[in-house]
Amino acid sequence: MKLHDTLSNLEQKVDVSKKVKIYLCGVTVYDESHIGHARTIIVFDVLRKYLESKDIEIEFVQNFTDVDDKIINRAKVENTSAENISVKYIDNYFKDFDGLNVKRATNYPKATEHIEDIIKFIEELIKKESAYTSKNGVYFSVSRFLEYGKLSKKKIDELQSGSRIEIDEEKKDPLDFAVWKFSDTEPTWNSPWGKGRPGWHIECSAMSIKYLGENFDIHGGGRDLIFPHHENEIAQSESCTGIQFAKIWMHVGMVTINGEKMSKSIGNVKSIKHVLENWGSNVIRLFCLSGHYSKPIDYSEELLEENLTKWRQVETCYYELIHADSENSEEIKSIIEKLSTEFNNALEDDLNTHLALSAFFQLVKETNRLAADERLGKENAHIIKIELKRMLKILGLRIPDITEDEKQKIDELIRNREQFRKEKQFEDADKIRDKLNEMNIELIDHREKTIWMRKEKIKAENQKLGHAN
RNA sequence: GGUACUCUGGCAGAACGGUUAUGCGUGAGCCUGCAAAGCUUAUACAAGGGGGUUCGACUCCCUCGGGUACCUCCA
């Protein structure tokens, strides 16, 4: 598998001959997660699920930044402790991302639980004269790391001239950044240099190296983290270990609204809770995977509706497969193999989820075509179902199981309806159909038989219908 | 101002130096008691502008222009 590496600006092969170690910069837990976070995390979820589908072992570490000025400020506003805030939003995080069907990471290290590791890391930096103590804290000395700027392709002198950073007289160089900030307001920890708390960048260096080693496979996050966060991580880590930090840097594009980045200050943030309630995880995942991960994607109701239409096709396909009982009439294996290969090749080539989805939808279409023609045989359906399920799993899409009880009830209602239809008592037949619709069961009348499917309830769709009426 | 990315049909969006996918939408039709869903089929002068390289460029190069992001916290 190849991935585009921000550092080298080239596609790099992922070494899958042994366990693949991935570190993803998670969220700062001071507020609800939004669709932008969702995109990044869903992209990595697919990366991981794809590799795992090939029986490659993955170690996936994603941090929680649970000590930060924003958390502290929020705590002040809500008149509570920083800890309460972070606990609340970590809880919230899992609600959101379990809802989005994101597989849990191997480990979710928190900054506050790794203060000792961070202190050790800083000690090492000081020993190597890459960091120094000043009045306000311990700073990383950018000038000591000659390759500073290599990730973001920035030149140090240009950074300085264009710098909007307030000049701190205590810093040797305006570009130097804090690895430890002195402070007396809680939360604080004791350190050899004084009471305070860690800077933001240092936690990721310390924790990624602790769990994944000094040189691991993939480090990722949103594009907006390239500078300064990831640039600083490289500087700290490579200064400390003397060897290459992450092998591949993978960055996910922003989610925009009307072409603008989502941000609190513009007030255009869409929370995961909100979109999950209105559209459900399948539609959101399709939306997030609809373009190449490295490019921006624009959030709009129209696009979500488009993805809802597609999702309905997938549901139809799935239920057609379940109900298939015609004679096999054509050779299906070769086309499945072809689409399966296309799907894999797309993902192998820099995780091209858009092309992978093309292959996936071709499989869906092909199935629905056979079913419409009453040519979907049981054996063929079985073969298709295996492949469809594989793709669904990698994409993280899910169709809820239906219980035997429910099935029997539905089948009985359908039999009753068939009887009414035979007797041309259409009003009674339609009543049954309405009743099933209320249960979110939709009927598909083929020439020879009627099958049913359970439609996912999508609030946004119902609202739209409500408006139309 | 600097840096990076980006500019494809009504919309979304890929690949490729030589037939421009795929999906949505739209039109027509099929199926149906009706509907829904689905299917079939049709549909798009498509590549920001201008140069250049080439037998041939959407694809490579130059140039001008637009957009977005980052340069401060941000997924």
Side-chain angles (χ1 to χ4, degrees), chain A residues 6 9 24-28 30-31 33-44 65 68-70 73 149 152-155 157-166 200 220-229 231 251-256 259-265 269 286-287 290-292 294-298 300 302-303 305-310 312-313 315-317 319-320 342 346 349 352-362 364-365 367-374 420-422 424-427 429-430 433-434 437 442-447 450-453 455:
Chain A
T6 310
N9 212 7
L24 176 63
C25 282
V27 295
T28 302
Y30 74 106
D31 205 346
S33 303
H34 56 68
I35 181 86
H37 301 115
R39 184 191 188 192
T40 301
I41 290 164
I42 286 169
V43 164
F44 274 83
T65 299
D68 182 88
D69 289 346
K70 280 199 288 266
N73 291 338
S152 55
K153 319 283 183 264
K154 293 183 189 306
K155 298 199 170 61
D157 43 345
E158 281 166 0
L159 266 176
Q160 280 169 333
S161 61
S163 173
R164 279 187 262 155
I165 305 163
E166 279 176 50
W200 173 38
R223 282 201 94 83
D224 53 352
L225 293 186
I226 294 174
F227 191 91
H229 187 53
E231 191 71 63
H251 291 104
V252 180
M254 298 292 101
V255 177
T256 60
E260 272 181 316
K261 185 181 166 184
M262 254 187 237
S263 79
K264 293 247 161 66
S265 51
V269 176
L286 285 175
F287 164 74
S290 64
H292 190 89
S294 63
K295 291 187 176 177
I297 186 171
D298 203 49
S300 72
E302 288 73 25
L303 280 180
E305 266 169 41
E306 179 177 328
N307 284 298
L308 173 58
T309 307
K310 292 180 183 179
R312 293 298 185 213
Q313 295 172 348
E315 285 179 319
T316 303
C317 169
Y319 285 98
E320 290 285 9
E342 265 178 47
D349 185 10
N352 193 330
T353 51
H354 183 87
L355 277 184
L357 284 174
S358 286
F360 170 70
F361 283 113
Q362 277 180 58
V364 167
K365 281 237 158 207
T367 305
N368 290 344
R369 192 177 64 78
L370 288 173
D373 283 1
E374 312 259 12
F420 282 128
R421 288 180 76 200
K422 262 186 206 155
K424 304 227 187 271
Q425 298 184 27
F426 295 121
E427 270 185 34
D430 288 351
R433 184 165 65 191
D434 291 344
N437 282 347
E442 182 147 316
L443 300 182
I444 302 174
D445 289 335
H446 287 301
R447 271 179 231 119
T450 296
I451 71 152
W452 56 267
M453 59 183 273
K455 284 172 77 174

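First the proteins, then the strands, lettered A, B, ... as listed; each starts at 1. Owing to the predicted nature of the structure, the values given are computational and were not obtained by experimental measurement.
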Taking the [atom1] atom in each of [N] and [M], what is the distance between them to the nearest angstrom?
N: B/U19; M: B/U40; atom1: P; answer: 27 Å
N: B/A47; M: B/A21; atom1: P; answer: 14 Å
N: B/C58; M: B/U6; atom1: C1'; answer: 15 Å
N: B/G23; M: B/G18; atom1: C1'; answer: 26 Å
N: B/G65; M: B/G48; atom1: C1'; answer: 7 Å
N: B/U68; M: B/G29; atom1: P; answer: 44 Å

Main chain of [Y], side chain of [X]: is a donor-acceptor contact present, judged purely on distance under 3.5 Å?
X: A/Arg421; Y: A/Ala429; result: no
X: A/Glu231; Y: A/Ser152; result: yes
X: A/Thr309; Y: A/Glu305; result: yes
X: A/Arg223; Y: A/Ser294; result: yes

Could you tell me whether [X] contacts a base, only the sugar-phosphate backbone, or nothing, with contacts defined as non-hydrogen atoms closer than 4.0 Å?
X: A/Leu443; result: base
X: A/Asn9; result: sugar-phosphate
X: A/Phe361; result: nothing
X: A/Arg39; result: nothing
X: A/Asp430; result: base
X: A/Gly253; result: base
X: A/Ile226; result: nothing
X: A/His34; result: base
X: A/Arg421; result: base
X: A/Leu225; result: sugar-phosphate
X: A/Gly221; result: sugar-phosphate
X: A/Ser152; result: sugar-phosphate

Per [X] side chain, nearest of listed nucleotides [options]:
X: A/Thr309; options: B/G25, B/C31, B/C39; answer: B/G25
X: A/Ala372; options: B/C70, B/A4, B/G38; answer: B/G38
X: A/Lys365; options: B/C73, B/C24, B/A37; answer: B/C24
X: A/Ser358; options: B/A37, B/U22, B/C24; answer: B/U22
X: A/Phe426; options: B/G33, B/C24, B/U40; answer: B/G33
X: A/Glu442; options: B/A37, B/A75, B/A12; answer: B/A37

Using only heavy-atom distances, decide whether a donor-acceptor pair under 3.5 angstrom links the side-chain of [X] to the base of [N].
X: A/Asp445; N: B/A35; value: yes
X: A/Glu306; N: B/G23; value: yes
X: A/Arg433; N: B/A35; value: yes

For [N], does OP1 or OP2 lie under 4.0 Å from any side-chain N or O of [X]?
X: A/Lys295; N: B/C7; result: yes
X: A/His354; N: B/A14; result: no
X: A/Lys154; N: B/G1; result: no
X: A/Lys261; N: B/A75; result: no
X: A/Asn437; N: B/A35; result: no
X: A/Gln313; N: B/C24; result: yes

| message | Do A/Asp68 and A/Thr28 pair up side chain to side chain, a donor and an acceptor below 3.5 Å, judged on atom types alone? | response |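 No pair is found: no donor N or O on one side chain lies under 3.5 Å from an acceptor on the other.
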Can you confirm whether the side chains of A/Asn368 and A/Thr316 place a donor and an acceptor under 3.5 Å from each other?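 No, no side-chain donor-acceptor pair sits under 3.5 Å.
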When every non-hydrogen atom of A/Ala346 is compared with those of A/Ala356, the smallest separation belongs to CB-N, 3.5 Å
Q) Distance from A/Gln313 atom CD to A/Lys310 atom NZ, nearest 0.5 Å? A)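 Going from CD on A/Gln313 over to NZ on A/Lys310, the span is 8.5 Å.
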- [ ] Starting at SG of A/Cys25, measure out to NE2 of A/His251 and round the result to the nearest 0.5 Å.
- [x]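 Those atoms lie 7.5 Å apart.
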A correct dot-bracket answer for RNA chain B, with pairs being Watson-Crick or G-U at under 3.5 Å, [ ] for crossing pairs and | for inter-strand pairs, is (((((((..(((.....[...)))((((((.......))))))....(((((..]....))))))))))))....
Under-4.0 Å salt bridge between A/Lys70 and A/Asp31: no
